[in-house]
Amino acid sequence: MTDAPPKARPGRSGASGRPGRPGPRPLRLPGGISLRVERRALGVGVLLLVLALAMAVVLIGTGDFQIAPWDVVRTLLGDGTPAHDFIVNDLRLPRVLVALLVGAALGMSGAVFQSVSRNPLGSPDVLGFGYGSAVGALVVIVLFNGGAGQVAAGALAGGLAAGLLVYLLAYKQGIHGYRLVLVGIGVSAMLIGVIQYLLTKAQLVEASRAMVWLTGSLAGRDWAQVWPLLATCAVLFPLVLGRSRALRMIEMGDDAAHALGVRVERTRLLLMVAAILLTTAASAAAGPISFVALAAPQLARRLTRSPGAGLLTGALMGALLLMVSDWASQRAFGADQLPVGVVTGLVGGVYLLWLLVSERKAGRI
């Protein structure tokens with residue numbers, strides 16, 4: 001006679017099959033819509049959102065004319081003095097909104113590319129889309145002496161062209177993660193050569209203007225940069241988030257995704273185009289801000305401990321990282337304010353080295 005197997009205790013194992021950790025809980029929405037939400041991911045997302053909003057208030061109050069956080073909040077609610085209203089709403093709020101939107105766009109695009117390539121190095125920084133935007137912008141600056149709107153359009157066109165080139169060169173009966181990364185590295189090297197060639201052909205004034213743009217900066221950003229970037233994010237964020245389930249299936253492999261009814265190549269191409277548009281729109285607004293797209297999704301995934309793409313948490317982490325970097329660029333170096341691209345480059349370079357060492361220890365590279 002054998003003993004009966006013990007009854008499973010409620011709450012000790014979840015949908016993930018790992019004991020001791022509750023799985024996703026169903027979230028009921030009006031209209032019969034049901035979503036499955038990881039409680040830890042939800043908590044991390046709320047925390048990142050609160051920290052990003054708090055950092056936005058601190059950043060708005062930072063500058064030559066300091067404004068206390070509670071005065072910033074009062075001014076944003078329409079109860080500030082005329083001086084505070086001008087400084088907050090006209091001078092500093094657009095810059096903070098650009099930082100928030102650029103960081104969110106880069107964080108989400110990085111999460112998409114890392115999931116599509118199934119590689120932590122698969123970010124727009126490594127794949128060359130930022131360099132494509134830089135080439136497009138430099139062509140307009142150096143060859144045509146274009147204005148700010150024309151430079152933004154050139155950056156958008158250059159990023160899309162680089163994305164199309166990488167996709168076509170990496171496509172061979174589908175997209176393989178490491179092939180995509182290797183092709184992206186090769187295209188990046190070629191684009192860096194084009195950038196250097198354009199700089200050698202530029203006049204002094206044009207070269208100085210080009211170098212300022214290439215560094216990546218939020219200085220002088222106004223509402224003219226906010227509205228196009230906001231419209232782009234408003235269209236593309238729901239598009240990408242609506243395909244998060246299909247993206248998670250693609251992470252399991254093309255065969256498994258096909259078996260589950262996902263149109264793999266169509267979905268992958270659509271998500272890549274959306275991510276490239278987010279990257280190029282961010283570059284058009286603030287220049288090529290490096291390493292945010294690489295680091296934000298990985299940091300968010302480590303906090304949530306979730307196997308999924310982490311699109312929304314990656315976007316929130318990107319927004320927080322860029323705003324913290326912008327605050328550091330204004331305050332951490334005394335009177336010598338640095339462009340935010342310098343700060344993200346310094347921090348991101350250290351992070352990239354750590355990531356490479358971690359991947360090597362894990363035997364993945």
Side-chain angles (χ1 to χ4, degrees), residues 106-136 158-195 240 243-244 246-260 262-280 283 288 290-298 301 307-311 314 348 351-365:
L106 293 176
M108 183 168 287
S109 65
V112 168
F113 278 112
Q114 289 176 10
S115 296
V116 166
S117 64
R118 299 195 289 274
N119 191 319
L121 296 177
S123 78
D125 304 307
V126 179
L127 299 179
F129 306 136
Y131 292 120
S133 296
V135 169
L160 289 174
L164 178 61
L165 179 62
V166 170
Y167 183 84
L168 292 177
L169 292 177
Y171 186 85
K172 184 180 180 181
Q173 298 179 347
I175 293 292
H176 187 273
Y178 278 99
R179 185 165 62 239
L180 181 67
V181 172
L182 291 175
V183 169
I185 292 173
V187 171
S188 297
M190 292 189 297
L191 292 175
I192 290 174
V194 176
I195 291 171
V240 174
R243 284 156 179 80
S244 59
L247 182 60
R248 189 164 184 172
M249 293 179 182
I250 291 175
E251 280 190 309
M252 297 187 297
D254 290 1
D255 293 338
H258 274 301
L260 293 171
V262 178
R263 297 181 177 178
V264 175
E265 285 306 319
R266 179 180 176 181
T267 302
R268 183 185 285 128
L269 179 61
L270 180 62
L271 288 171
M272 287 180 64
V273 170
I276 291 170
L277 285 172
L278 287 173
T279 302
T280 53
S283 298
S290 59
F291 289 110
V292 173
L294 176 68
Q298 289 296 313
R301 186 173 292 194
L311 298 173
Y351 174 80
L352 179 59
L353 291 175
W354 173 83
L355 180 62
L356 290 172
V357 171
S358 300
E359 290 294 300
R360 182 175 181 179
K361 287 181 177 179
R364 288 188 285 265
I365 59 175

With a 4.5 Å heavy-atom cut-off, do Phe129 and Val166 have their side chains touching?
yes
Within a strict 4.5 Å, meaning less than it, do heavy atoms of the Leu247 and Thr267 side chains meet?
no
Please report the shortest heavy-atom distance between Leu311 and Met108, naming the atom on each side.
O-CE, 3.8 Å
Considering only heavy atoms from C-beta outward, does the side chain of Leu180 approach that of Met272 to under 4.5 Å?
yes
Taking all atoms of both residues into account, what is the closest heavy-atom pair of Pro124 and Gly110, and its distance?
CD-CA, 3.9 Å
Would a distance-only check, ignoring hydrogens and angles, find a side-chain to backbone donor-acceptor pair under 3.5 Å from Ser188 to Val126?
yes
Indicate yes or no for a side-chain donor-acceptor contact from Asp125 to the backbone of Ser290 under 3.5 Å, with no hydrogens or angles considered.
no
Side-chain donor or acceptor of Gln114 paired with backbone N/O of Ser123 under 3.5 Å
no
Is the shortest side-chain heavy-atom distance between Leu277 and Val273 below 4.5 Å?
yes
What pair of heavy atoms forms the shortest contact from Ala162 to Gly128, and how long is it?
CB-O, 4.0 Å
Residues Gly130 and Pro288: closest non-hydrogen pair is O-CB, 4.4 Å
side-chain contact (heavy atoms from CB on, under 4.5 Å) test vs Ile276 passes for just one of Leu278, Thr280, Thr279, namely Thr280
Hey, what do you get for CZ (Arg268) to OG (Ser117), rounding to the nearest 0.5 Å?
10.0 Å
Is the count of non-hydrogen atoms from other residues, nucleotides or ligands lying under 6.0 Å from Phe113 atom CZ greater than 12?
yes
As an exercise, state the distance from CG of Leu269 to OH of Tyr167, rounded to the nearest 0.5 Å.
4.5 Å
